[in-house]
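Atoms considered below: every heavy atom in the structure, side chains included; atoms not considered: hydrogens, waters and symmetry mates.
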Amino acid sequence: MAKFINEPSHTFNEYLLIPGYSSSECVPANVSLKTPLVKYNKRAGEKPAIEMNIPMISAIMQSVSGDRLAVALATEGGVAFIYGSQTIEDEAAMVRRAKSHKAGFVKSDSNLSPDMTMADVVALKAKTGHNTMAVTDDGTADGKLVGIVTGRDYRVSRMDPATKVAEFMTPLDKLITAPEGTTLKEANDIIWDHKLNSLPIVSADGKLCYFVFRKDYDTHKQNPNELLDASKRYVVGAGINTRDYAERVPALIEAGVDVLCIDSSEGFSEWQKRTIAWIREKYGDTVKVGAGNVVDAAGFRFLAECGADFIKVGIGGGSICITRETKGIGRGQATALIEVCQERDRYYEETGIYIPVGSDGGIVYDHHITLALAMGADFVMLGRYFARFDESPSNKVSIGGTYYKEYWGEGSARARNWQRYDLGGDKKLSFEEGVDSYVPYAGSLKDNVAMTLAKVKSTMCNCGALTIPELQEKAVLTLVSATSIVEGGAHDVIQKDKGSSIK
């Protein structure tokens, strides 16, 4: 006979938090949302190698996580996992672009040679959006610097498009540069002292190494939560699969990726065990890799013993996922998360090692994030949420006068990410486990994340908690009836203007 669990599994919408005592210190400005992304020896007082400033990571999806979203999310303090259902070269290129986007020392990706023309300058600006362009002897990023071109050096309306760059660039002898080895603080001091917008860093033999930009200093001051590595570059994650990891992982590491995650619909498998074992054998603990997804204690324990750095929870709860419909597997997200986090705590008591847990799927409203954290999650992985923003890779379309963003599942015919659903058989997607859809367009990531986290912080204060661990310790959750769920929204009135219920 099969084993039966007669207790129904529950979703986030079936729970509410009961307020606790709030001291005068419990104000949103005092709340810290710092949270570990990878495992560490908590009992020994070790610090996690990667700690996020907000508990949000992006889903490993074509319609969600490109390099532009990776930059935007790291700016706010979270981590994006660039999608792996593309060629190894293309994924590595995305990682490389995100890592170099703001590095303090930025490798130039807008380069000219002296014999190029103003028409080339205009075309390059249209392609990259950059106003500052290096002019090197051979037109490469590491050629010998001979000048720079900025928007102040030319006027499209007054100059012949065939004018050579050499005729209107600012030549090297008119530039202020700094030698290779200059620290970021020294570079910023030079920028401020000389009222520069950019400072080229040049090697002893005259080759361009990097640019340091004034705007990056300003951006940092405006975004105190931005998540940076030891070299002041954005922290970036990437998805891998259980088929081509021996080729994909080295390429992503070479590109500068900070953390990997095995992208799979179901993680309780020998395929994930093999993948993690290969990474540990080749790189030891220096390469951080998360695994999943699982929905029970046994699944967590399996991946923990395989050596996963974090573990994701959730099967079938995503808004575009139809795995439960097509295969009949999964579990209510709240129940799955609670059980896995209880096992995580038991594992910590036994070993002293704390393995962060991420809740993946089932987040419909902002308050579901707070519920997930209270139930034990260290962070949430979001797909639909981020797909709505300007920074996601999908197209914005107008339907009936309203703007939407395209959003499709990795198991859809559009994505055809067969590796995510791989069970060791033929290299194909035999049937769909995701749909192709639209989500209402919501504007910029920055504005929306700020609003969402304001709600999370406010709720935490209602529970008397100023940190995520404190919330998990103090939270009191109650199951609610179907009638109570109806009572929780506006009812028995005629609303003047019923807004969108996207969150």
Check: For the residue pair Leu445 and Glu391, what are the closest heavy atoms and their distance?
Finding: N-OE1, 3.0 Å
Notebook entry, point to check: Under 3.5 Å, is there a donor-acceptor pair between the Tyr234 and Thr75 side chains?
Noted result: yes
Item checked: Matching residue for Val235 among Val79, Leu228, Asn53, Leu37 - test: side chain to side chain contact (heavy atoms under 4.5 Å, CB included) -> Val79
Check: Regarding Arg43 and the six-membered ring of Tyr348, is the cationic atom NZ or CZ under 6.0 Å from the ring centre and inside 45° of its axis?
Finding: yes
Next item on the list: Flag the pair Phe300 / Glu339 as yes when at least one side-chain heavy-atom distance between them is below 4.5 Å, and no otherwise.
Entry: no
Next item on the list: Hey, could you give me the OH/CG distance between Tyr441 and Asp390, rounded to the nearest 0.5 Å?
Entry: 3.5 Å
Notebook entry, point to check: How many angstroms lie between CE in Met56 and CG in Leu73, if you round to the nearest 0.5 Å?
Noted result: 7.0 Å
Next item on the list: With rounding to the nearest 0.5 Å, note down the distance linking CZ in Phe379 to OG1 in Thr35.
Entry: 7.5 Å
Checklist line | Check: Gly84 main-chain N/O paired with Arg248 side-chain donor or acceptor under 3.5 Å | finding: yes
Next item on the list: Answer yes or no: are there more than 12 heavy-atom neighbours, outside Glu281 itself, under 6.0 Å from its atom CD?
Entry: no
Note to self: What I want to check is whether the side chains of Thr242 and Thr275 have a donor and an acceptor closer together than 3.5 Å.
What the structure shows: no
Check: With side chains defined as the heavy atoms from C-beta onward, is the minimum distance between Tyr40 and Lys47 less than 4.5 Å?
Finding: no
Checklist line | ring pair (Phe, Tyr, Trp, His ring centres under 6.0 Å) involving Phe302 - partner list, sequence neighbours excluded | finding: Phe268
Notebook entry, point to check: Measuring from Tyr385:OH to Ile363:CD1, what's the distance to the nearest 0.5 Å?
Noted result: 11.0 Å
Check: Mind checking what makes ring pair (Phe, Tyr, Trp, His ring centres under 6.0 Å) contact with Tyr83, not counting sequence neighbours?
Finding: none
Item checked: Interatomic distance, Tyr354 atom OH to Glu46 atom CD [nearest 0.5 angstrom] -> 14.5 Å
Margin query: Strictly by side-chain hydrogen bond (donor to acceptor under 3.5 Å, both in side chains), give each pair with a member in residues 9-24 just once, sequence neighbours left out.
Written below: Glu7-His10, His10-Glu14, Thr11-Glu14, Asn13-His368
Note to self: With heavy-atom distances below 4.5 Å as the criterion, would you say the side chains of Phe386 and Ser392 are in contact?
What the structure shows: no
Check: What is the distance from atom CD1 of Ile311 to atom CD of Glu343, rounded to the nearest 0.5 Å?
Finding: 9.5 Å
Note to self: Contact between Leu260 and Tyr245 at the side-chain level, heavy atoms closer than 4.5 Å - yes or no?
What the structure shows: no
Next item on the list: Apply the salt bridge (Lys or Arg N to Asp or Glu O under 4.0 Å) test between Asp378 and each candidate in Arg344, Lys34, Lys312; give the one that qualifies.
Entry: Arg344
Checklist line | Geometric class of the Tyr365/His367 ring pair [parallel <30°, tilted 30-60°, perpendicular >60°] | finding: parallel
Checklist line | Smallest separation among heavy atoms of Ser65 and Ser58, with atom names | finding: OG-OG, 2.6 Å
